[in-house]
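See structure below.
The first residue of the sequence shown is numbered 1, and numbering continues consecutively from there. All values derive from a computational prediction rather than experimental measurement.
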Amino acid sequence: VQRVYDNVNNLNKRVTDQFQKALDQISDVLGKIQTRADTAKANGKDISEVETAISKANDALSVAKTAVASQAGKVYDFQITSDTTLKTDVGATRETLHADLVKVRDAVKAVRELVYQAAVTLGKIQGVDELKPPTNQ
């Protein structure tokens, strides 16, 4: 039982670390999208739709980061009632972990989708790839 306990909690740590790494990468991509959008705006392009998409992505990113941090802080204990129900009790804890990780995964996926939508929206702006950042003189 101790080995299963350790495995369940190590799994939670490993998966939440992966989610955090994914969110860091998504955040970097969102930063690049924001920089390109700022360049487009400085060159007179209408980026109102992009700003809305970036705002939604930032909101979802905050929610997902909170969810990952909350999940990382959880410790899963087994509530064992008797030797005969040991397998069922351990299984219930594992199912709880799985359900919690699915919720966090869905939050991370939502952020990824919103960042993708922001990138697509930015890409629809005519000539955005040829724009150069304005020089401050």
Side-chain angles (χ1 to χ4, degrees):
V1 172
Q2 182 62 42
R3 183 174 52 85
V4 174
Y5 170 83
D6 291 340
N7 286 343
V8 165
N9 286 296
N10 287 338
L11 175 65
N12 185 50
K13 180 180 179 352
R14 252 190 351 264
V15 172
T16 54
D17 287 349
Q18 289 172 346
F19 287 152
Q20 186 58 52
K21 184 178 177 182
L23 288 177
D24 291 343
Q25 291 172 340
I26 291 168
S27 180
D28 290 344
V29 170
L30 188 58
K32 291 175 183 177
I33 292 169
Q34 180 67 57
T35 300
R36 286 182 63 205
D38 291 343
T39 300
K41 186 175 186 175
N43 283 286
K45 300 289 184 177
D46 177 23
I47 63 162
S48 58
E49 288 182 38
V50 178
E51 288 174 332
T52 302
I54 290 172
S55 176
K56 287 179 184 178
N58 276 322
D59 292 345
L61 182 63
S62 296
V63 169
K65 283 184 177 184
T66 301
V68 169
S70 174
Q71 182 63 35
K74 289 184 180 180
V75 175
Y76 290 87
D77 291 321
F78 300 128
Q79 303 299 324
I80 299 170
T81 55
S82 71
D83 290 343
T84 57
T85 62
L86 178 66
K87 183 176 180 179
T88 307
D89 295 338
V90 170
T93 301
R94 291 184 66 172
E95 287 176 14
T96 302
L97 169 67
H98 177 72
D100 290 347
L101 290 175
V102 166
K103 289 177 190 173
V104 176
R105 182 193 67 202
D106 291 345
V108 172
K109 279 184 172 182
V111 173
R112 187 175 2 158
E113 181 61 30
L114 288 169
V115 169
Y116 174 78
Q117 291 300 325
V120 168
T121 305
L122 178 64
K124 290 179 182 177
I125 297 175
Q126 190 73 17
V128 73
D129 293 327
E130 290 81 29
L131 298 175
K132 302 291 184 217
T135 56
N136 295 332
Q137 294 179 0

Exercise for review: Nearest 0.5 Å please: distance from the CG atom of Leu122 over to the CD atom of Gln117.
Suggested key: 12.5 Å

Check your understanding: Can you name the nearest heavy-atom pair linking Val111 to Ile26, along with the distance?
Key -> CG1-CG2, 3.5 Å

Review point. With the 4.5 Å side-chain cut-off for hydrophobic clustering, are Val15 and Val4 part of the same group?
Key: yes

Study note, to complete from the structure: On a heavy-atom basis, the closest approach of Val104 and Ala67 is CG2-O, 3.9 Å

Review point. Counting N and O atoms only, with roles assigned by atom type, does the side chain of Ser27 sit under 3.5 Å from a partner on the main chain of Leu23, one being a donor and the other an acceptor?
Key: no

Exercise for review: Using the salt bridge (Lys or Arg N to Asp or Glu O under 4.0 Å) rule, collect all pairs that involve residues 67-80, keeping only residues at least two apart or in two chains.
Suggested key: Lys74-Asp100

Point to revise | Nearest-0.5 Å distance, OG1 of residue Thr121 to CD1 of residue Ile47 | key: 11.5 Å

Review point. In Å, rounded to the nearest 0.5 Å, how long is the span from OG1 of Thr88 to CD of Glu95?
Key: 9.5 Å

Check your understanding: Does Asp28 have any side chain to side chain donor-acceptor pair (under 3.5 Å) partners at least two apart in sequence or in another chain, and if so, which?
Key -> none

Check your understanding: Salt bridge check: are Glu51 and Lys41 linked by an N-O gap of less than 4.0 Å?
Key -> yes

Review point. Between atom OG1 of Thr96 and atom CG of Asn12, what is the distance when rounded to the nearest 0.5 Å?
Key: 11.5 Å

Review point. Taking C-beta and beyond as the side chain, do His98 and Arg94 meet within less than 4.5 Å on heavy atoms?
Key: no

Check your understanding: Are any side-chain N or O atoms of Lys45 and backbone N or O atoms of Gln126, one a donor and one an acceptor, separated by less than 3.5 Å?
Key -> yes

Review point. Under 4.5 Å between side-chain heavy atoms, hopping through other hydrophobics if needed: is there a path connecting Val8 to Val102?
Key: no

Check your understanding: Taking all non-hydrogen atoms of both residues, which atom of Thr39 and which atom of Asn43 are closest, and how far apart?
Key -> O-ND2, 2.8 Å

Point to revise | Heavy-atom closest contact (Ala64 atom, Ala107 atom, distance) | key: CB-O, 4.0 Å

Point to revise | Side chain to side chain, Leu30 and Asn58, heavy atoms closer than 4.5 Å | key: yes

Revision key, fill the gap. From the list Lys13, Gln20, Arg14, side chain to side chain contact (heavy atoms under 4.5 Å, CB included) partner of Asp17 resolves to Lys13

Exercise for review: State whether the number of non-hydrogen atoms from other residues, nucleotides or ligands found under 6.0 Å of Tyr116 atom OH is greater than 12.
Suggested key: no

Check your understanding: Is Leu114 linked to Val68 within one hydrophobic cluster, defined over Ile, Leu, Val, Met, Phe, Trp and Tyr using a side-chain heavy-atom separation of less than 4.5 Å?
Key -> no

Check your understanding: Tyr76 and Tyr5: which non-hydrogen atoms are nearest, and at how many Å?
Key -> O-CE1, 3.0 Å

Review point. Measuring from Thr16:OG1 to Leu11:CG, what's the distance to the nearest 0.5 Å?
Key: 9.0 Å

Exercise for review: Would you name the heavy atoms of Val50 and Ala37 that are closest together and state the gap between them?
Suggested key: CG1-CB, 3.9 Å

Point to revise | Gln18 side, atom CD; Leu101 side, atom CG - distance, nearest 0.5 Å | key: 10.0 Å

Check your understanding: Going hydrophobic residue to hydrophobic residue with side-chain gaps under 4.5 angstrom, can you get from Leu61 over to Val115?
Key -> yes

